[in-house]
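Here the structure comes first, spelled out in structure tokens, and everything after it is commentary.
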Protein chains: 2
Amino acid sequence: MSTPQGWEEIRAEVLRRISRRDWPPGAIIPTEEQLAAEFGCARATVNRALRELAGAGVLERRRKAGTRVAMYPARRATFEIPVIRLEVEGRGQRHSFRLLEQAEAVPPLAVAARLGLAPGARLLEVRTLHFADGKPFLYEDRWLNPAVLPEGLPPDMQATSLNEWLVKTVAYTYGDIAFSAESATPDEAALLGVAPGAALFVTERTTWAGDQPITSVRLAYAPGYRLRTVV
Amino acid sequence: MSTPQGWEEIRAEVLRRISRRDWPPGAIIPTEEQLAAEFGCARATVNRALRELAGAGVLERRRKAGTRVAMYPARRATFEIPVIRLEVEGRGQRHSFRLLEQAEAVPPLAVAARLGLAPGARLLEVRTLHFADGKPFLYEDRWLNPAVLPEGLPPDMQATSLNEWLVKTVAYTYGDIAFSAESATPDEAALLGVAPGAALFVTERTTWAGDQPITSVRLAYAPGYRLRTVV
DNA sequence: GGGGTTATTATGTGCAGACATAATACACAA
DNA sequence: TTGTGTATTATGTCTGCACATAATAACCCC
């Protein structure tokens with residue numbers, strides 16, 4: 001490459017210099033202005049490239065102090081939070097689900113705490129079993145804040161999964177996610193058709209719209225599930 | 001809010017209109033030019049805000065076609081890929097590790113395939129057990145391409161974990177990651193001090209520098225581990 | 001020499017204008 | 001009707017400039 005053109009090529013060139021250890025971890029790299037002069041482009045173009053790399057965790061930038069290679073240039077990876085139906089269909093399988101329970105109840109303390117609600121507040125619990133090609137795929141246990149449902153639940157809970165309806169109806173502005181591995185309880189094992197104690201991939205998500213809690217959900221995937229992404 | 005100022009406020013305002021369903025999923029939103037006129041700012045500022053939202057999966061943009069709210073505005077979440085020592089210390093615990101094995105060998109077919117190497121190519125296998133406050137934390141099984149180690153392995157494998165040394169020495173340009181839950185094999189159970197069959201959180205990473213494979217590693221975390229992030 | 005104020009500096013963001021690019025819509029011809 | 005070429009349009013990116021902001025460095029005064 002002669003001189004990089006466009007912010008993507010500049011990003012690639014900077015990354016190359018880092019992996020060649022021209023700029024080792026911790027080193028300060030030239031200022032935007034210097035790089036712009038070297039590459040023969042505007043400072044804004046260099047800024048765009050360096051900003052992306054800082055967002056990926058490769059660089060650390062501070063005003064006045066300059067830009068340095070991160071001491072541990074570990075990258076940030078991103079993954080999608082899919083709608084369950086699309087996740088199943090994306091594997092080339094047919095999605096279906098069965099509504100197990102739908103009832104108003106007082107949630108466990110952990111759920112109330114995660115949502116920032118007073119203990120004893122009543123929520124709506126919806127438990128659903130999802131299938132891929134008719135075989136159990138994941139068990140969804142969802143606690144829902146009724147206050148965010150002005151028109152109540154969707155008209156036809158048998159046709160559209162709550163998961164999908166929520167995503168399209170109540171956009172959230174903030175959420176947290178945790179992944180873990182758990183041993184299947186006897187109940188979960190029976191639902192998913194596996195041996196008790198089997199290793200299940202579990203994701204727990206809690207979402208808010210502004211400062212109002214929407215829902216806290218626990219998804220337990222049948223064994224064999226893998227969450228993939230690239231860096 | 002009167003009129004948003006700065007790209008972050010514009011991003012917030014657009015997100016607000018989406019969650020208020022002024023712009024429901026699938027709807028086309030005004031062009032950058034129209035929004036710039038409405039907000040009284042330059043098109044570049046609107047572009048920055050909309051680009052960020054597209055990166056988060058909330059909007060979908062296509063030239064000429066315009067910008068629309070994603071049909072399933074499921075967000076993209078990002079998480080860090082930490083150095084193991086920092087991950088342990090970040091929990092307020094003391095990190096240590098024990099080198100279990102370090103030997104040249106022919107890797108299993110799955111590993112060779114992941115790295116894109118001919119079956120039968122010899123790699124370096126390094127197995128390490130990491131501890132948090134002296135208790136087993138995770139079991140690391142790493143296959144390493146010797147070709148990327150011009151000066152060989154780090155001088156004292158007992159002092160710096162290979163994980164950390166690699167991150168600081170061989171920057172990668174591409175990688176893929178998979179998370180899953182697996183039942184502990186008898187060997188893993190013994191190493192981690194848990195019952196055989198316990199649910200382990202497993203991450204598998206493979207990384208390349210350019211088109212040259214660097215390493216493929218499998219990390220099996222002791223029960224209780226949670227990978228967290230926010231959206 | 002120490003402490004607080006001021007100047008300097010690199011990044012962060014903004015603006016207006018320009019051209020590139022991709023994808024659509026339309027007109028026209030076979 | 002069907003296919004093809006062309007005009008249109010919204011986004012993608014770049015330039016050059018400006019000012020804001022944060023953090024460091026320098027200075028001055030006591």
Side-chain angles (χ1 to χ4, degrees), chain A residues 1-15 17-18 22-71 73 76 78, chain B residues 1-15 17-18 22-71 73 76 78:
Chain A
M1 173 181 304
S2 47
T3 63
Q5 290 175 5
W7 69 269
E8 289 187 291
E9 282 185 34
I10 292 179
R11 179 183 60 181
E13 174 63 20
V14 171
L15 207 47
R17 293 185 185 182
I18 293 172
D22 296 346
W23 296 333
I28 295 222
I29 75 172
T31 69
E32 295 186 347
E33 219 150 352
Q34 291 167 334
L35 288 174
E38 176 189 346
F39 296 144
C41 68
R43 186 170 75 90
T45 308
V46 174
N47 179 279
R48 173 85 185 265
L50 299 187
R51 178 154 41 80
E52 295 263 330
L53 286 172
V58 175
L59 296 176
E60 287 168 4
R61 322 194 69 198
R62 281 200 349 268
R63 282 165 153 137
K64 159 75 181 174
T67 301
R68 62 177 63 235
V69 181
M71 200 59 88
R76 250 153 244 153
T78 78
Chain B
M1 174 182 302
S2 45
T3 61
Q5 291 175 4
W7 69 269
E8 289 187 291
E9 283 186 32
I10 292 179
R11 179 184 60 181
E13 174 64 19
V14 170
L15 207 47
R17 292 184 187 184
I18 292 171
D22 297 345
W23 296 333
I28 296 227
I29 75 171
T31 69
E32 294 186 347
E33 218 152 352
Q34 290 168 335
L35 288 174
E38 178 189 343
F39 296 143
C41 69
R43 185 170 78 88
T45 309
V46 174
N47 178 279
R48 172 86 185 262
L50 298 187
R51 177 157 38 83
E52 295 262 330
L53 287 172
V58 175
L59 297 176
E60 286 169 3
R61 323 195 70 197
R62 281 198 352 266
R63 284 168 152 134
K64 158 77 179 175
T67 301
R68 62 176 66 233
V69 181
M71 199 59 86
R76 245 153 252 152
T78 77

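All heavy atoms count here, side chains included; hydrogens, waters and symmetry mates do not. In what follows, chains are A, B, ... by sequence order, proteins preceding strands, each numbered from 1.
The distance between atom CD of B/Glu52 and atom C1' of D/dG12, rounded to the nearest whole Å, is 15 Å. Rounded to an integer number of Å, the gap from CZ of A/Phe39 to P of D/dC14 is 13 Å. Atom CD in B/Glu33 sits roughly 11 Å away from atom C1' in D/dT11 (whole-Å rounding). The separation between B/Glu32 atom CD and C/dG17 atom P is 16 Å, rounded to whole Å. Rounded to whole angstrom, the span from the CG atom of B/Leu59 across to the P atom of D/dA10 amounts to 17 Å. Per the geometry, CD belonging to A/Glu60 stands 12 Å off P belonging to C/dG12, to the nearest Å. Rounding to whole angstrom units, CZ of residue A/Arg51 and C1' of C/dG12 are separated by 9 Å. Remark: P of C/dT13 and CZ of A/Arg43 are 11 Å apart, rounded to the nearest angstrom.
Side-chain proximity of B/Trp7 to the nucleotides C/dA10, C/dG14, D/dG12 is greatest for C/dG14. Relative to the side chain of A/Thr45, the nucleotides C/dT11, D/dT15, D/dT11 differ in distance, and D/dT15 lies closest. Nearest nucleotide to the side chain of A/Thr67, out of C/dA23, C/dT11, C/dC15: C/dT11.
Rounded to the nearest 0.5 Å, atoms CG (B/Leu50) and CG (B/Leu35) are 6.0 Å apart.
OP1 or OP2 of C/dG12 lies within a sub-4.0 Å distance of a side-chain N or O belonging to A/Arg61. For A/Arg62, a side-chain nitrogen or oxygen approaches OP1 or OP2 of D/dT24 to under 4.0 Å. Under 4.0 angstrom from either OP1 or OP2 of D/dG12 there lies at least one side-chain N or O belonging to B/Asn47.
Each of B/Thr31 and A/Lys64 lies near DNA chain D, and the nucleotide nearest B/Thr31 is the one positioned closer to the 5' end. Projected onto DNA chain C by closest heavy-atom contact, A/Ala44 and A/Gly66 fall at different nucleotides, the more 5' of which corresponds to A/Gly66. For the pair A/Ala42 and B/Ile29, nearest-nucleotide mapping onto DNA chain D gives the more 5' position to B/Ile29.
Here B/Arg48 lies in heavy-atom contact (under 4.0 Å) with sugar-phosphate atoms only.
Looking at heavy atoms from C-beta onward, B/Leu59 lies in side-chain contact with B/Ile18 at the 4.5 angstrom threshold. The closest side-chain heavy-atom distance from B/Leu53 to B/Thr67 is not below 4.5 Å.
Residue pairs meeting the salt bridge (Lys or Arg N to Asp or Glu O under 4.0 Å) criterion with at least one partner in residues 59-71 of chain B, sequence neighbours excluded, are B/Glu32-B/Arg61.
Counting non-hydrogen atoms of neighbouring residues, nucleotides and ligands closer than 6.0 angstrom, the CD atom of B/Glu38 exceeds 12 such neighbours.
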